[in-house]
Amino acid sequence: MTASDDLGYWARYGFSEELVRALFQGLRVGLYVVDHMGKILLVNPYAESLLDRPAQQLIGVDPHDLLHRNADGSSIPREDCQILAAFSEGVYVRSEEAWFTRGSGGLVPVGVMAAPLPLDGGKNMGAVVLFYDLSRHKAVEHEQAAALAALEKLTDRLSLMAETSTVLASPLKVDEALRRLSRLVVPRLADWAMIDLLGPSGDGVDRVAVVVKQGRDGVECKQWEGPLPAFPEASQAPVARVLRGGPAVLFGPEDLAERIDQEEDSVQRRPYEELGAHSVIVAPLRTPRRVLGALTLARYETSPAYDSADLSLIDDIASRAGLAVDNADMFEEQRRFASSTSHELRTPLSGLRARLEEAVLYPADIDPYETIRKALAVTDRLETIVDDLLVSARLRAGEPVAYEPIDVGALVVKEVAAIVGGVPVHVDAGRDVNVLGNRIQLIRVIDNLLVNARRHADKEVEVTVGRVEDSAVVTVCDDGAGIAPQDREHVFERFVRLEEGRRREPGGSGLGLAISRDIARAHSGTLTIENSLCGARFVLRLPLTDRRP
């Protein structure tokens, strides 16, 4: 026995039987040794475990043919194998990533270090190969990549929200601000977008923006903008449901075609038919008080389908747009209101001042009692205007009021019965037409409509109360001259009185119909003027309730 075969010889290098066993069995990397023929001579237990192969399957076989693969599982030509170079060329080899097959048939990513190993006293050249599992490292890389992608997506969305807020807060007209918003979300969130706004009466729809992806930008398609036919009350089209107060909705490829078919009008279906869509989100432009319109975003099949996170983001953007539109409307309304109020109050005040100054300057020529009588009449008118303004302000501010179940038919019958003299009023009231509302406010609406109808009627007024689908409908018709179609929205504005109304009642405030519409909206209803054979036909619609008074 030579010194090299003597364990004592190795002991001077620190080797012991226990240490050799620990290195071989406890090493947390795979190890195999190949001879000069490239066959495995020995493997350690960790290699068995990592490769899911017993030692008997490994010893005596060529590891290149058995184990080494490309990432897709395909074989590697021997001339391209770096690991074989360790003994064929006698060089040290390190590979940051390789792929070994496991006994179960799968692949495991490994890092490999191989070094030439002289065997048989240096006559032949083998190699020792160490390999370690990269799976956890790969998992961490994937987690980091996913986290980075999520962070980039979040940063992009935060940037989008900041840009959206900037655009919506800018001193632009509403239509231009919404077009800019559409160009922001296309193509970052959509391949095309459109925005529809409800008209002042709550029934007409105006398409104010359509933007389509072109390259890396969004291009406006103004040929598709403009007024749209009104949606039928029973329409189940996505935009119609959202405009009626429904939540934001998401449609994927599986149900999109069916939803598009529910768009009754060809003008409303045109963007879907000409542009196509694979996934669509429709979100309401809303405020706590009302729905103002709808934002529709669509993606093609080449883009990822929308998910719940996209729905939440787009719903938030639409809500911000709704608040911006509402603020712009309120600002314009306040400007008009201030102008109209100053005019309506200045006129009677100027007349009152002139009369009082005349009485002071010419006491001998002016009857003081007549002056006081006329001053009181002016004061009454001013008091009426101020009271109506306070009511209107409270309604616009959305101040909370007490609601209760109300039988609308019974309420109308009672108000008509209280009328004394003048033009007769005929009532046809259905039973159990119940709504949830504020009694005082609804009485005010009914009284305003009755007073207005009797003022303009020639011989009689007809009132009907009934149920139409899910709405209580109160119709008040007179047989007078009627209201021209171009004036039907105009009369609901504050202080607006048509010439005929001023002639029949000079002292009116011009706020009655504006207040009535505000009350209808506060009850989630509508007040409109509709076509009739003669006279004016006012229609009040309120949501029905199953609760009875």
Side-chain angles (χ1 to χ4, degrees), residues 1-139 141:
M1 178 180 296
T2 64
S4 59
D5 296 321
D6 187 0
L7 188 59
Y9 171 83
W10 294 104
R12 63 178 179 175
Y13 295 102
F15 278 87
S16 66
E17 184 178 354
E18 181 181 356
L19 181 58
V20 170
R21 185 181 299 111
L23 283 172
F24 185 73
Q25 296 184 345
L27 197 64
R28 300 298 295 172
V29 295
L31 178 148
Y32 64 80
V33 176
V34 296
D35 60 17
H36 67 286
M37 299 294 293
K39 308 295 184 181
I40 295 178
L41 291 174
L42 65 86
V43 297
N44 72 339
Y46 188 78
E48 287 184 293
S49 173
L50 182 58
L51 298 176
D52 190 25
R53 297 176 184 274
Q56 293 89 330
Q57 287 185 7
L58 296 170
I59 294 175
V61 300
D62 186 326
H64 176 82
D65 294 338
L66 180 67
L67 302 176
H68 202 187
R69 297 290 185 271
N70 288 312
D72 60 2
S74 60
S75 299
I76 301 175
R78 299 185 72 86
E79 61 270 19
D80 296 336
C81 180
Q82 294 181 339
I83 301 175
L84 289 177
F87 69 90
S88 64
E89 300 177 14
V91 296
Y92 173 84
V93 174
R94 178 171 181 172
S95 176
E96 296 292 341
E97 180 179 291
W99 295 87
F100 284 175
T101 61
R102 305 186 76 227
S104 57
L107 292 173
V108 59
V110 293
V112 178
M113 294 177 289
L117 181 67
L119 298 173
D120 301 328
K123 295 179 181 179
N124 296 308
M125 185 63 66
V128 59
V129 178
L130 297 173
F131 55 96
Y132 52 93
D133 189 0
L134 290 179
S135 297
R136 291 188 61 187
H137 176 68
K138 286 285 185 184
E141 280 187 347

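Predicted, not measured: the structure shown is a model, and the values here were computed from it.
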| task | Begin from the C-alpha positions of Leu119 and Met125 and carry the test side-chain contact (heavy atoms from CB on, under 4.5 Å) through to its verdict. | result | CA-CA 6 Å; Leu119 298 173; Met125 185 63 66; over 6 Å; no
| Derivation and outcome, side-chain contact (heavy atoms from CB on, under 4.5 Å), residues Ile59 and Tyr32 | CA-CA 9 Å; Ile59 294 175; Tyr32 64 80; over 6 Å; no
| Would Val129 and Leu31 count as a side-chain contact (heavy atoms from CB on, under 4.5 Å) if you check the C-alpha gap in whole Å, the side-chain angles of each, and the deciding distance to 0.1 Å? | CA-CA 6 Å; Val129 178; Leu31 178 148; over 6 Å; no
| task | Give the C-alpha distance, both sets of side-chain angles, the deciding distance and a yes or no for side-chain contact (heavy atoms from CB on, under 4.5 Å) between Asp35 and Asn124. | result | CA-CA 8 Å; Asp35 60 17; Asn124 296 308; over 6 Å; no
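Annotation: side chain of Leu42 is in contact with side chain of Phe24 (closest heavy-atom distance under 4.5 Å). No side-chain heavy atom of Val93 sits less than 4.5 Å from a side-chain heavy atom of Val112. Within the 4.5 Å cutoff, no side-chain heavy atoms of Arg78 are placed close to those of Cys81. Counting heavy atoms from C-beta outward, Val34 and Pro63 have side chains that approach closer than 4.5 Å. Annotation: side chain of Met113 is in contact with side chain of Arg94 (closest heavy-atom distance under 4.5 Å). Side-chain contact check for Val110 versus Val108: some heavy-atom pair is nearer than 4.5 Å.
In this structure, Asp62 contributes its side chain and His64 its backbone to a donor-acceptor pair below 3.5 Å. Put simply, the side chain of Glu48 never gets that close to the backbone of Pro54: no donor and acceptor are under 3.5 Å apart. In this structure, Asn44 contributes its side chain and Val29 its backbone to a donor-acceptor pair below 3.5 Å.
For Glu79, the CD atom counts as densely surrounded, since its 6.0 Å shell holds more than 12 non-hydrogen atoms of other residues, nucleotides or ligands. The 12-atom threshold is not exceeded at CD of Gln82, counting heavy atoms of other residues, nucleotides or ligands nearer than 6.0 Å.
In this structure, OG on Ser49 lies 9.5 Å from CG on Asp133, to the nearest 0.5 angstrom. Interatomic distance, His68 NE2 to Leu84 CG, rounded to the nearest 0.5 Å: 8.5 Å. Rounding to the nearest 0.5 angstrom, the gap separating the CZ atom in Arg102 from the CZ atom in Arg53 is 9.5 Å. Rounded to the nearest 0.5 angstrom, Ile40 CD1 and Leu66 CG are separated by 6.5 Å. Taking OG1 of Thr101 as the reference point, atom CG of Leu51 lies at 7.5 Å (rounded to 0.5 Å). Here the NE2 atom belonging to His36 is positioned 11.5 Å from the NZ atom belonging to Lys123, to the nearest 0.5 angstrom.
For Lys39 and Asp65, the salt-bridge test fails: no basic side-chain N is under 4.0 Å from an acidic carboxylate O.
Here the closest heavy-atom approach between residue Pro116 and residue Tyr92 is recorded as CD-N, 4.1 Å.
Below 30°, between 30° and 60°, or above 60°: for Phe100 and Phe131 the angle between ring planes is above 60°, a perpendicular geometry.
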